[in-house]
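To keep things clear, I will list the structure first and then write my remarks on it.
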Amino acid sequence: SLGLLIGFAAAAIFAGVQFGGYLIDQELGILQANILDPLSNEQISIFGQFKVFLATAVYLLIDGHHLLIDAVARSFRSLLLTGIRFSAGAGTLLTEELLRDVFRMGVEIAAPALVTLFLVTIAMAFMARTAPEMNLFVLGFSLRLAVGFGVLMAGTGLFVAIFQSRFLSHAGGLGRLVELLGG
(Lines give C-alpha, C1' and ligand atoms only; values in the text may rest on other atoms or scores of the structure.)
Protein backbone atom coordinates (compact mmCIF):
# COMPACT_ATOMS: atom_id res chain seq x y z
CA SER A 1 0.00 0.00 0.00
CA LEU A 2 2.96 2.33 0.48
CA GLY A 3 3.95 1.71 -3.13
CA LEU A 4 0.46 2.72 -4.27
CA LEU A 5 0.69 5.89 -2.21
CA ILE A 6 4.13 6.76 -3.61
CA GLY A 7 2.89 6.07 -7.14
CA PHE A 8 -0.20 8.21 -6.59
CA ALA A 9 1.86 11.10 -5.24
CA ALA A 10 4.34 10.80 -8.10
CA ALA A 11 1.61 10.65 -10.76
CA ALA A 12 -0.19 13.64 -9.27
CA ILE A 13 2.29 16.04 -10.83
CA PHE A 14 1.42 14.76 -14.31
CA ALA A 15 -2.26 15.20 -13.48
CA GLY A 16 -1.46 18.88 -12.82
CA VAL A 17 0.17 19.15 -16.24
CA GLN A 18 -2.84 17.52 -17.88
CA PHE A 19 -5.15 19.89 -16.00
CA GLY A 20 -3.20 22.88 -17.33
CA GLY A 21 -3.56 21.57 -20.88
CA TYR A 22 -7.28 21.05 -20.30
CA LEU A 23 -7.65 24.69 -19.23
CA ILE A 24 -5.83 25.85 -22.36
CA ASP A 25 -8.01 23.68 -24.60
CA GLN A 26 -11.13 25.01 -22.96
CA GLU A 27 -10.07 28.61 -23.47
CA LEU A 28 -9.05 28.00 -27.08
CA GLY A 29 -12.38 26.40 -27.87
CA ILE A 30 -10.97 23.07 -29.04
CA LEU A 31 -12.01 21.04 -26.02
CA GLN A 32 -14.45 19.00 -28.10
CA ALA A 33 -11.57 17.66 -30.20
CA ASN A 34 -10.39 15.22 -27.54
CA ILE A 35 -8.23 12.19 -28.23
CA LEU A 36 -8.38 8.77 -26.62
CA ASP A 37 -5.51 7.89 -24.31
CA PRO A 38 -4.96 4.12 -24.62
CA LEU A 39 -3.21 3.90 -21.23
CA SER A 40 -6.00 5.36 -19.14
CA ASN A 41 -8.80 4.51 -21.61
CA GLU A 42 -10.28 7.98 -21.33
CA GLN A 43 -10.46 11.04 -23.51
CA ILE A 44 -7.93 13.76 -22.82
CA SER A 45 -7.42 17.18 -24.33
CA ILE A 46 -5.01 17.78 -27.18
CA PHE A 47 -2.83 20.29 -25.38
CA GLY A 48 -3.10 18.21 -22.23
CA GLN A 49 -1.55 15.29 -24.10
CA PHE A 50 1.11 17.53 -25.63
CA LYS A 51 2.00 18.98 -22.24
CA VAL A 52 2.16 15.50 -20.67
CA PHE A 53 4.54 14.31 -23.43
CA LEU A 54 6.70 17.40 -22.92
CA ALA A 55 6.61 16.96 -19.13
CA THR A 56 7.64 13.31 -19.52
CA ALA A 57 10.63 14.35 -21.60
CA VAL A 58 11.62 16.96 -19.00
CA TYR A 59 11.02 14.41 -16.23
CA LEU A 60 13.48 12.01 -17.83
CA LEU A 61 16.01 14.77 -18.60
CA ILE A 62 16.14 16.02 -15.00
CA ASP A 63 16.44 12.43 -13.71
CA GLY A 64 13.02 12.39 -12.11
CA HIS A 65 12.88 8.63 -12.43
CA HIS A 66 15.98 8.44 -10.24
CA LEU A 67 14.25 10.55 -7.58
CA LEU A 68 11.26 8.21 -7.69
CA ILE A 69 13.45 5.12 -7.39
CA ASP A 70 15.26 6.79 -4.49
CA ALA A 71 11.91 7.42 -2.75
CA VAL A 72 10.98 3.76 -3.17
CA ALA A 73 14.38 2.65 -1.86
CA ARG A 74 14.04 5.06 1.08
CA SER A 75 10.65 3.53 1.85
CA PHE A 76 12.29 0.12 2.24
CA ARG A 77 14.82 1.59 4.66
CA SER A 78 12.36 3.61 6.75
CA LEU A 79 9.38 1.22 6.75
CA LEU A 80 8.90 -0.67 9.98
CA LEU A 81 8.24 -4.40 9.91
CA THR A 82 4.82 -3.76 11.43
CA GLY A 83 3.76 -1.76 8.38
CA ILE A 84 2.83 1.79 7.53
CA ARG A 85 2.04 4.23 10.28
CA PHE A 86 -0.54 6.76 9.09
CA SER A 87 -0.12 9.95 11.03
CA ALA A 88 -1.89 13.27 10.88
CA GLY A 89 1.29 14.81 9.50
CA ALA A 90 1.35 12.39 6.57
CA GLY A 91 -2.28 13.06 5.69
CA THR A 92 -1.76 16.79 5.98
CA LEU A 93 1.33 16.66 3.80
CA LEU A 94 -0.43 14.57 1.15
CA THR A 95 -3.58 16.68 0.97
CA GLU A 96 -2.33 20.16 1.69
CA GLU A 97 1.02 20.19 -0.04
CA LEU A 98 1.26 17.55 -2.72
CA LEU A 99 -2.31 17.71 -4.05
CA ARG A 100 -2.47 21.50 -3.70
CA ASP A 101 0.56 21.72 -5.96
CA VAL A 102 -1.33 19.80 -8.65
CA PHE A 103 -3.87 22.58 -9.08
CA ARG A 104 -1.32 25.32 -8.59
CA MET A 105 0.91 23.89 -11.29
CA GLY A 106 -2.02 23.44 -13.69
CA VAL A 107 -2.97 27.08 -13.33
CA GLU A 108 0.66 28.22 -13.60
CA ILE A 109 1.10 26.24 -16.79
CA ALA A 110 -2.08 27.61 -18.33
CA ALA A 111 -1.71 31.19 -17.04
CA PRO A 112 0.26 32.71 -19.97
CA ALA A 113 -2.19 31.35 -22.53
CA LEU A 114 -5.24 32.24 -20.41
CA VAL A 115 -4.12 35.83 -19.86
CA THR A 116 -3.21 36.32 -23.52
CA LEU A 117 -6.48 34.85 -24.75
CA PHE A 118 -8.39 37.00 -22.27
CA LEU A 119 -6.71 40.08 -23.74
CA VAL A 120 -7.58 38.86 -27.25
CA THR A 121 -11.20 38.49 -26.15
CA ILE A 122 -11.23 42.05 -24.82
CA ALA A 123 -9.69 43.35 -28.06
CA MET A 124 -12.31 41.44 -30.05
CA ALA A 125 -15.06 42.96 -27.92
CA PHE A 126 -13.76 46.46 -28.65
CA MET A 127 -13.57 45.61 -32.35
CA ALA A 128 -17.14 44.30 -32.31
CA ARG A 129 -18.33 47.47 -30.61
CA THR A 130 -16.54 49.82 -33.02
CA ALA A 131 -17.27 47.85 -36.21
CA PRO A 132 -20.50 45.87 -35.68
CA GLU A 133 -20.79 44.97 -39.39
CA MET A 134 -17.69 42.75 -39.22
CA ASN A 135 -18.24 39.04 -38.72
CA LEU A 136 -15.99 38.68 -35.68
CA PHE A 137 -17.19 35.19 -34.80
CA VAL A 138 -15.36 33.64 -37.75
CA LEU A 139 -12.37 35.94 -37.39
CA GLY A 140 -12.27 35.56 -33.62
CA PHE A 141 -12.03 31.77 -33.61
CA SER A 142 -9.11 31.63 -36.03
CA LEU A 143 -7.41 34.58 -34.32
CA ARG A 144 -7.72 32.93 -30.91
CA LEU A 145 -6.27 29.67 -32.30
CA ALA A 146 -3.35 31.47 -33.95
CA VAL A 147 -2.57 33.50 -30.84
CA GLY A 148 -3.01 30.44 -28.61
CA PHE A 149 -0.59 28.35 -30.68
CA GLY A 150 1.88 31.25 -30.74
CA VAL A 151 1.76 31.67 -26.98
CA LEU A 152 2.16 27.93 -26.42
CA MET A 153 5.17 27.77 -28.73
CA ALA A 154 6.75 30.84 -27.16
CA GLY A 155 5.99 29.62 -23.64
CA THR A 156 7.60 26.20 -23.93
CA GLY A 157 10.71 27.39 -22.07
CA LEU A 158 8.54 28.81 -19.30
CA PHE A 159 6.67 25.50 -19.11
CA VAL A 160 9.94 23.59 -18.71
CA ALA A 161 11.10 25.94 -15.94
CA ILE A 162 7.77 25.72 -14.08
CA PHE A 163 7.60 21.94 -14.38
CA GLN A 164 11.19 21.50 -13.23
CA SER A 165 10.80 23.71 -10.15
CA ARG A 166 7.44 22.19 -9.21
CA PHE A 167 8.70 18.65 -9.72
CA LEU A 168 11.75 19.20 -7.53
CA SER A 169 9.62 20.64 -4.73
CA HIS A 170 7.14 17.79 -5.25
CA ALA A 171 9.95 15.24 -5.02
CA GLY A 172 11.05 16.77 -1.73
CA GLY A 173 7.49 16.48 -0.46
CA LEU A 174 7.41 12.88 -1.62
CA GLY A 175 10.56 12.16 0.39
CA ARG A 176 9.00 13.77 3.49
CA LEU A 177 5.85 11.68 2.95
CA VAL A 178 7.90 8.46 2.89
CA GLU A 179 9.66 9.50 6.10
CA LEU A 180 6.34 10.33 7.82
CA LEU A 181 4.74 7.05 6.77
CA GLY A 182 7.77 4.96 7.65
CA GLY A 183 7.96 5.70 11.29
Q.
Using side chain to side chain contact (heavy atoms under 4.5 Å, CB included), reason through Phe167 and Leu67 one step at a time and then give a plain yes or no.
A. CA-CA 10 Å; Phe167 176 76; Leu67 294 173; 3.6 Å; yes
Q: Provide the closest heavy-atom pair for Ser169 versus Asp101 in the form atom of the first, atom of the second, distance.
A: OG-OD2, 4.4 Å
Q) Is there a path from Phe141 to Leu139 through hydrophobic residues (I, L, V, M, F, W, Y) whose side chains come within less than 4.5 Å of each other? A) yes
Q. His65 versus Asp63: any side-chain heavy-atom pair under 4.5 Å?
A. yes
Q | Other ILVMFWY residues reachable from Ile69 by side-chain steps of under 4.5 Å | A | none
Q | Point-to-point distance, once rounded to the nearest 0.5 Å, from CZ of Phe159 to CD of Glu108 | A | 11.5 Å
Q. Would a hydrophobic clustering, with Ile, Leu, Val, Met, Phe, Trp and Tyr connected at side-chain separations under 4.5 Å, put Leu114 with Phe50?
A. no
Q. What residues form a side chain to side chain contact (heavy atoms under 4.5 Å, CB included) with Val120, not counting sequence neighbours?
A. Met124, Leu143, Arg144, Val147
Q: Under the side chain to side chain contact (heavy atoms under 4.5 Å, CB included) rule, collect the residues that match up with Val52, sequence neighbours excluded.
A: Val17, Gln18, Thr56
(Q) Less than 6.0 angstrom separating the ring centers of Phe14 and Tyr59, yes or no? (A) yes
Q.
Test of understanding: with side chain to side chain contact (heavy atoms under 4.5 Å, CB included), list the residues that count as partners of Tyr22, not counting sequence neighbours.
A. Gln26, Leu31, Ser45
Q | Nearest non-hydrogen partners of Ala110 and Gly20, listed with the distance | A | CB-O, 3.6 Å
**Q.** Partner residues of Phe149 under the ring pair (Phe, Tyr, Trp, His ring centres under 6.0 Å) criterion, sequence neighbours left out
**A.** Phe47
Q. Would you say Leu68 and Leu168 are hydrophobically clustered, going by side-chain heavy atoms of ILVMFWY under 4.5 Å?
A. yes
**Q.** Thr130 OG1 to Met127 CE distance, which is reported to the nearest 0.5 Å
**A.** 7.0 Å
(Q) Let me check something: do Phe163 and Leu158 share a hydrophobic cluster, defined by ILVMFWY side-chain heavy atoms less than 4.5 Å apart, either directly or through other members? (A) yes
Q. Just wondering, do Leu152 and Lys51 contact through their side chains at under 4.5 Å, heavy atoms?
A. yes
Q | Set of residues satisfying side chain to side chain contact (heavy atoms under 4.5 Å, CB included) with respect to Val107, sequence neighbours excluded | A | Phe19, Leu23
Q: Following the transitive rule for hydrophobic clusters with a side-chain heavy-atom cut-off under 4.5 Å over Ile, Leu, Val, Met, Phe, Trp and Tyr, establish whether Leu145 and Ile24 coincide in one cluster.
A: yes
Q) Taking all atoms of both residues into account, what is the closest heavy-atom pair of Ile109 and Ile162, and its distance? A) CG1-CG2, 4.3 Å
